[in-house]
Amino acid sequence: MPANICQQLNNKNLDKESYISSLLAQMTLTEKIGQMSQLNNDNENLKTSIIKGNVGSIINEVNHESINALQRIASQESRLGIPLLIGRDVIHGFNTILPIPLGQAASWSTELVETCANIAAIESASSGVNWTFAPMIDISRDPRWGRIAESLGEDPYLCSALGCAMVKGFQGEKLSDSTSIAACAKHFAGYGASESGRDYNTTNIPENELRNVHLPPFKALAEAGVSTFMASFSDLNGVPVTGNSWLLSDILREEWQYMGMVVSDWESIPQLITHGFCMDRESAALEACLAGIDMEMASNTYAINLPSLIKNDQVNLDQINMMVSRILSLKFDLGLFEASFTESTPPLKRLNSFHLDTAKKAATKSCVLLKNNKQTLPLSKTEITSLAVIGPLADDGYEQLGTWVFDAKPSQSITCLNAIKDYVGNSVEVKFSKGLETSRSNNQEDFSKATQLAASADVAVLFLGEEAILSGEAHCRSNINLPGCQEQLINAIYETGTSIVLVIMAGRPITLEKILPKVDAVLFAWHPGTMGGPAITDLLFGETSPSGKLPVTFPRTVGQIPLYYSQKNTGRPPSDATFVDINDIQVRAAQTSLGMTSTHLDTHFSPLFPFGFGLSYTQFEYTNIQVNRQSIKVGESVEITATITNIGNYDAEEIVQLYIRDLVGSVTRPVKELKGFKGVFLTAGQSESVVFKVHTDELAFYNRQMKLKTEPGLFNAWLGSNSDAELKAEFEVV
Ligand code: NOJ
C-alpha cells in the first residue's frame, strides 16, 4: 500500500506548524469539513465515513479493540491517514469511580482532585480514549439543577483552583504521554444559571456578573492550557452560545487569546433552530461557524451545509483552515500522528489498588459532617454491641456511584453494609433492613421491620438520600428534600428512641431543616463512588476524622434559592435584630413592624449550612489574626496570618479559609469572597500559624467599563473554618 500523506509527513520530522500546514495544503474541502465533524459510535456509516475522510472524531466508543480498529481504518484506509479524536464523558472516573465532582470539591484539595483526574485519564487512555468532556466548571448556585452534581460548586475561586487541578490530572505532564487525555472546559458559559434550575433553560446574566462570577474559571483554565472548550447548549442573554460570536470569538479568542479547539454540545447546532435563533440547518451551520465552533458534536449540520456556505462566500476558507488547524494541532499534541493505537491490554478483571486507595481517600475527604450532637460519632466497636443499618442506599453498589458512570461495574463497588460488616467483624451484631425499596419509594410496608431493628440496636445508621438517577444532566428537581417517604422513615425510627446517625448520599444539597432535630449526627457523603463503603465506615468509626467542607450553600428551604455566601449586601441587609418570624406577626400589624429588610417571613434569612462549613471530631480554634502591613499599594501584596489550634482530642485536618470584602466598589462587591484555602493537619493540642499572601491583582474585579481593575480602598479579611468566619482584620489598598 503506498504511504498516505500523514505517513509521508511523519518521515520528514517536521515541527508542528510545518506539519499542519503541509497537511492542510493537501486536504480537500470535504476532508477539512470532515475533521470538523464528530460522529457518535452508533452511526451506521461510521467506517465508510472514516475511509472517506468525513470524520474527525468519534464519541462514545470505549471498547479497546473497536477503537484500535477505527484508528487503523483512519490512519491506513483514508486517503490522508489522519487519526481520530476519541471522546468520552470521563467525568469522575472510568472503571474506578471517584466521588462525583461536587463531592471531590468538598475535599478542597487540589492535589487529590488532580490525582483523581489522573487516575481517570490512565484508565480511559488505556482503552484508547484520548479526550474527555470534563471538567465542568459552570458556577452552580441552584441545587435544583441536576448538573450541580457534576460541578465544582458555587464559588469562582474554588472552582478555578479545582478545575485547573483536574486539567493537570487529565492532561498530565505532556498530552502525548500514553497516560494523558485532552480535557475540556465546559459549558462555556453561564449554563449553571439556567432559570429555575431546569436544565437547558434560558440564562440571563448581566455582563458584569458574567465576567466577575461565571467567566473566571474558564479564563483560569484557558490560561492553564486546557486543550478544548465546549460551548453551552444554553441561550445567553438572548443569543444561544452555539451561535454567540461575542462570547466565542470576541472574548475567548480576542480577549483571552485562547488557541485551543472549541466543540459544540450534543446536536446544539441544529438546536439553534429550536431556540428560534435560526430558520434552518444551513443558517444554523453558518451562525455556529461564524461564532467559532470548530467541531460539531453528534449532528451533521456542518457536513451538509458548510460546502455550499463556503462556495457562496458566506464562510471564508481562511476561517475553515484556522478551525481545522486547531483540530489537527490537538491531534499533533496528543501524539496521534505518531501512534494512534494503544497497546492491547487484557480486559480489566480487578481494579488497580492505587486507584482504589485513591478512590477511598477521595471519598473520605469528600464527606462533610453536618451535625454531631453530643459526639454521637465516631462510633466505637468496643462500646456498641448491635447496629441497625437501614435504608435503600446502604447496600447498593450502583446508586453510590452517582451520575455519569457509563464505564464502571457496580459489582466492583464496596457498599456501606459490606464495609461495616467487614470492619466490625464479630464484635458488633449488624442487622440490615432497606426500609424503602428506593429513595423515591412511598411504600411503607417495610417500616415495621426497620423500626424493630432500630429499637433493638444500640445505634441506627440510616443511609438515605437520592439515587443516582435523580441528579445529572436533565435530572432536575423542584423540591430538594429527601424524596419519597424517607422523612417518614426517619420519623418512625426516631420514635423508637434509638440514637440515629444519618448518612446522606446525594448529587446536590438537600433541605434537611425539618429532620435535623430528629437525628443525632449527619454525614453528607454525596455519591462517593466505588470505595464509598470503606471510606464512610472509617469515618463512622473514627479511623479518621471528617474534614470535608461544603463547596455549595445548603438552603433551609427551596424558596431561598438562589442562596450563596457571596451575595451583595443590598441597601437593607437582614439581621437578627430586625428579623420577624411569620409566627410573631401580630394580627393586622402595621407593615413597618416587619423589619423592612431583605428576607422572607417564613424562614430565617441564613442558610441551613453555609458555604465552607464542615465539622470535625475535634475542634479548631482561630486566634490572633494579623496583617503584615496595614496599607499596600496597587501591585503589592499583603500577608494575612492567624493561629489555628486543635483544641479537641482527635488528630485531624482543617481546611483554613480566607475571605475578603472590598468595602466600597464602583460596582458593589459581595459581602465575602474566598481568596485562599489551605489544608492543615494538626494533632490534638497542636497549633500552627497559617499565612496567606494576597496580591492586589487578586482583589481586582470587572468595573463598569468591563475592565479588570483593583480599586483602592478598605478591605476586610477573615480567616476561619467556613464562610461565616468571624475573626477579622483590615487593610487598605492605596
Ligand atoms: C451533553 C452534555 O451537555 C455534555 O456535557 C456532554 O459532554 C455531551 N452531552 C456528550 O455526552
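Ligands are counted one by one from 1 in listed order, and the atoms in each one are counted from 1 as well.
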Under 4.0 Å from a heavy atom of [X]: which atoms of ligand 1 are those, numbered in the order shown and with their elements?
X	value
Met230	4 (C), 7 (O)
Phe133	7 (O)
Phe233	1 (C), 3 (O)

Test item: Asn43 side-chain N/O and Leu39 main-chain N/O as donor-acceptor pair under 3.5 Å: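 Flag not set: sc Asn43 to bb Leu39 has no pair under 3.5 Å.
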Short N/O distance, under 3.5 Å, between Trp266 and ligand 1?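 It does not: no N or O of Trp266 is found under 3.5 Å from an N or O of ligand 1.
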His187 versus ligand 1: do any nitrogen or oxygen atoms come within less than 3.5 Å of each other?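 For ligand 1, there is an N or O atom that lies under 3.5 Å from one belonging to His187.
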If we count only N and O atoms by modelled type, under 3.5 Å, do the side chains of [X] and [Y] hold a donor and an acceptor together?
X	Y	value
Glu123	Ser126	no
Thr403	Glu150	no
Thr342	His64	yes

Test of understanding: given a 4.0 Å heavy-atom threshold, classify the contact between [X] and ligand 1 as side chain, backbone, both, or neither.
X	answer
Lys186	side chain
Ile59	side chain
Arg147	side chain

Apply side-chain contact (heavy atoms from CB on, under 4.5 Å) to Asn41 and list each qualifying residue two or more places apart in sequence or on a separate chain.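 Residues passing side-chain contact (heavy atoms from CB on, under 4.5 Å) with Asn41: Ile58, Asn60, Glu61.
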Per the side chain to side chain contact (heavy atoms under 4.5 Å, CB included) rule, which among Asp235, Thr203, Asp138 passes with Ser194?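 Exactly one candidate clears the test, Thr203.
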Student check: side-chain heavy atoms of Trp145 and His475 closer than 4.5 Å: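 Of all side-chain heavy-atom pairs linking His475 with Trp145, none is under 4.5 Å.
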Any salt bridge between Arg477 and Asp199, counting N to O under 4.0 Å?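 Here Arg477 does not pair with Asp199 in a salt bridge, since their nearest N and O are not under 4.0 Å apart.
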Give a yes/no verdict on whether any heavy atom in Met297 is under 4.0 Å from an atom of ligand 1.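 So Met297 counts as touching ligand 1.
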Kindly identify the option in Asp199, Asp89, Asn60 whose heavy atom sits closest to atom 6 (C) of ligand 1.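 Nearest heavy atom to atom 6 (C) of ligand 1 lies in Asp89.
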Which heavy atom of the protein is the closest neighbour of atom 1 (C) of ligand 1, given with residue, atom name and distance?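 Ranked first by proximity to atom 1 (C) of ligand 1 is Asp265 OD1, 2.9 Å.
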